[in-house]
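Since the structure comes first, as structure tokens, the remarks are kept for the end.
Worth knowing before you read on, the calculation uses all heavy atoms, side chains too, and leaves out hydrogens, waters and symmetry mates. Fair warning: this is a prediction, and the values are worked out from it, not measured in the lab. Numbered from 1 within each chain, the chains take letters A, B, ... in sequence-line order.
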Number of protein chains: 2
Amino acid sequence: MDYSLLSRIPLFRGIPVAEIEHIFENAPSFEKMYKKGAVLAEQDEACNRLIILLSGKVRAEMTDPSGKVVKVEDILAPNPLAILFLFGTNSRFPVQATADEDSTALVIPKSSVLGILGKNEVLLKNYLDISADFASRLSQKLYFMSFRTIRQKISMFLLELSRNQASSTVQLGRTKSSLAEYFGVSRPSLERELSNMQHDGWIAIDKKEIAILKKESLVQLVRFGVVK
Amino acid sequence: MDYSLLSRIPLFRGIPVAEIEHIFENAPSFEKMYKKGAVLAEQDEACNRLIILLSGKVRAEMTDPSGKVVKVEDILAPNPLAILFLFGTNSRFPVQATADEDSTALVIPKSSVLGILGKNEVLLKNYLDISADFASRLSQKLYFMSFRTIRQKISMFLLELSRNQASSTVQLGRTKSSLAEYFGVSRPSLERELSNMQHDGWIAIDKKEIAILKKESLVQLVRFGVVK
DNA sequence: CCAAAAGTGTAACATTTGATACATTTGCGA
DNA sequence: TCGCAAATGTATCAAATGTTACACTTTTGG
């Protein structure tokens, strides 16, 4: 078992490898291999163990009641799965995790995790920080979803991207399709609104690169819901 | 300082009063009084302390960039404020907390919290459970917001209310105005859709009481997006 | 018990968005 | 580098939702 792998993930940041080894010395945990296509965790299965992906790639899919896949997230090694859902009064995996390629994972029973966290304050702080960051991202996405119109969402998104950045040109960094999905709107609607904003002279679109031409208009729209 | 108060909040559930006293023995923390109208925490202020409301009532308000109050939540004693935002890489209070009446609070510096959590495994588990539950609720609301039409949201909401309940009649338990706000839709639109569903024979509305008449239709709508 | 405030029900009309379709273009793996 | 799958850009039409307005009812606080 190569604990130096673990030292590279945020959960173990700031903890020397020797210390990590010591932490796991008396904590029941085991390594497990998964062939491509194997299921690491079923959706809605009781979440009674922490799974840390050591090598390979895992696909997390949320299936809605009709059986249609709603959301996909890729998890690359080395990284933990569903860290925030390990606890809670009715903790279940929110997604199905499937190996996208041959993978190995470190599996730690929930009871061990509690003991481990209590033993190392840095590890505890990391765990709490990761949980809080996750919750913050959820909160932000909710705030995001609360905007009424697509133009408002686009404006907010572009302003966020351009924050802490000298240039007024931003890189989307993802496909417009995936952006539409993130916004919860249809792809043609997103394209149309982007076109409209370009026609209005607010932005200039070049592939996945967008130049913000009238930042003031974007700001006003986000702040007041209308412009002028 | 009356630690028996603390034993009544979820964070200290399952911990004897004597043990709570012991926990706080060597942890820096202090009690503070707030007059009605006093501010316990500013929005976006660094979140470097855990505030546990011991008596009184606090109003949590989120202000959007234009200065308009977006959301209000009431916190009654005894309960902690913003427990999930204490940690995280850039932890700040997400709301402004103002005393709605004369209140007292126990204030614990962030560094003490870490030490306390490491010392008592039950407390640690409570903290993690509370965090996870909060995140789950956020997730669920996000799932909720992802429904396209108002009718789908209403259906999902009514099915959730009627779950684990013999009767097919549910009590809204809140005003329709606040429900519209929760859904992120305009009040007239919600009213109209409720009317439509009643005209279609799916539900029967009597004030804040709604009878589910065609549960199958609601289920189908939520599952497949369409009925028949 | 009264008056003011909050909540309700509904209608007409304007806007926004979704669904669908199709022609290109781009990017990636064999 | 070829070919195919994914992504893009755009148009048309239908459906859902927002906005505004107003009359009425219920709740609340003094």
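Between the P atom of D:dT20 and the CD atom of B:E191 lies a distance of 18 Å, rounded to the nearest Å. Rounded to whole angstrom, the span from the CG atom of A:L190 across to the P atom of C:dG18 amounts to 10 Å. Between the C1' atom of D:dA7 and the NZ atom of A:K208 lies a distance of 7 Å, rounded to the nearest Å.
Remark on DNA chain D: of its neighbouring residues B:P188 and B:I150, the 5'-side contact belongs to B:I150, judged by nearest-heavy-atom nucleotide.
Side-chain nitrogen and oxygen atoms of B:T149 include none within less than 4.0 Å of the OP1 or OP2 phosphate oxygen of D:dA16. Between B:K207 and C:dT8 there is no side-chain N or O to OP1 or OP2 distance below 4.0 Å. One finds a side-chain N or O of B:S186 lying less than 4.0 angstrom from the OP1 or OP2 phosphate oxygen of D:dG18. Residue A:S195 places at least one side-chain N or O closer than 4.0 Å to OP1 or OP2 of D:dT10.
Taking every side-chain heavy atom of B:T175 into account, C:dG7 is the closest of C:dA21, C:dG7, C:dG18.
Between the side chains of A:S189 and A:R192, at least one donor N or O sits under 3.5 Å from an acceptor N or O.
Listed by chain and number, the residues in a ring pair (Phe, Tyr, Trp, His ring centres under 6.0 Å) with B:Y182 are B:F144 (sequence neighbours excluded).
For A:F157 and A:F183, the distance between ring centers is under 6.0 angstrom.
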Quiz: residues 173-180 of chain A side-chain donor-acceptor pairs under 3.5 angstrom, not counting sequence neighbours:
unit_1	atom_1	unit_2	atom_2	d
A:T175	OG1	A:S178	N	3.0
A:K176	NZ	A:K207	O	3.3
A:S178	OG	A:T175	O	3.0

